[in-house]
Student: 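I have a structure here, written as structure tokens, and I will follow up with some questions on it.
For the single chain, residues carry numbers from 1 onward in sequence order.
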Amino acid sequence: MESFRHLALGCCVLSALAGMLRLFWPDNGFKSVINAVLVLYILTAGIQMLGGIDWDSIVLTLRSLPAGQSRPSADFSAYSRELGLTASVEAVREVLQGAGIRAAVSWQDGRCVITPVDIRDRAAIETLLAVNAGDLPWCIAEGTP
């Protein structure tokens with residue numbers, strides 16, 4: 001790993017030096033020749049760096065890595081359940097709006113709380129939720145939303 005770091009550092013330093021040299025070099029007709037010399041210099045320096053790398057230690061390091069690193073998978077079950085419950089609350093809101101019932105619908109303390117604007121809609125809400133809510137826990141709150 002240390003060899004990779006030295007190789008990367010060497011490439012960065014050589015590139016920076018070549019860039020600085022090009023900045024301070026005057027513009028003239030020899031620009032293509034200068035670019036070719038810089039490229040050759042960078043290639044020569046890079047080949048010298050590659051020759052100095054301890055390839056055996058790199059191979060040993062790579063072989064010592066576990067073949068199939070099994071990362072413990074994250075548990076998204078709580079998040080998935082929360083997403084499902086949020087979608088269920090939205091579905092209840094849409095069912096009530098579709099039936100023409102105005103009510104505030106929210107998720108509180110582990111259940112869907114419906115607060116009707118007109119308490120006379122309570123029976124209609126109960127009927128709709130009995131058919132559409134499935135196993136979603138719900139209650140009808142008294143009062144104004």
Student: Looking at every heavy atom in both Pro116 and Ala103, which two are closest together, and how far apart are they?
Tutor: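 Shortest heavy-atom contact: CA-CB, 3.7 Å.
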Student: Looking at CD1 of Ile114 and CZ of Arg122, how far apart are the two atoms once the value is rounded to the nearest 0.5 Å?
Tutor: 10.0 Å
Student: How many angstroms lie between SG in Cys139 and CD in Gln108, if you round to the nearest 0.5 Å?
Tutor: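 Between Cys139 SG and Gln108 CD, I get 8.0 Å after rounding to 0.5 Å.
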Student: Supply the atom-to-atom distance Leu83 CG to Thr86 OG1, rounded to the nearest 0.5 angstrom.
Tutor: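 It is 6.0 Å, given to the nearest 0.5 Å.
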Student: Are the side chain of Ser80 and the backbone N or O of Phe76 linked by a donor-acceptor pair below 3.5 Å?
Tutor: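 Checked: no pair found.
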Student: For the CZ atom of Arg93 and the OG atom of Ser88, what is their distance to the nearest 0.5 Å?
Tutor: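 Answer for the CZ-OG pair, Arg93 versus Ser88, is 12.0 Å.
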Student: Can you hop from Val105 to Trp107 via hydrophobic side chains spaced under 4.5 Å?
Tutor: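 Cluster IDs for Val105 and Trp107 match.
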Student: Do Ile140 and Thr115 pass the side chain to side chain contact (heavy atoms under 4.5 Å, CB included) test, and can you show the C-alpha distance, the side-chain angles, and the key distance before you say yes or no?
Tutor: CA-CA 6 Å; Ile140 298 177; Thr115 309; over 6 Å; no
Student: Any side-chain heavy atom of Leu85 sitting closer than 4.5 Å to one from Leu136?
Tutor: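 Contact flag for Leu85/Leu136 side chains = yes.
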Student: Could you tell me if the side chain of Asn132 sits less than 4.5 Å from the side chain of Val92, heavy atoms only?
Tutor: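 No, too far: nothing below the 4.5 Å cut-off.
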Student: Could you give the distance from CG (Asp121) to CG (Leu96), rounded to the nearest 0.5 Å?
Tutor: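 Reported value, rounded in 0.5 Å steps: 9.0 Å.
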Student: Are Trp138 and Leu128 connected into the same hydrophobic cluster when the rule is that any two of I, L, V, M, F, W, Y join if their side-chain heavy atoms are below 4.5 Å apart?
Tutor: yes
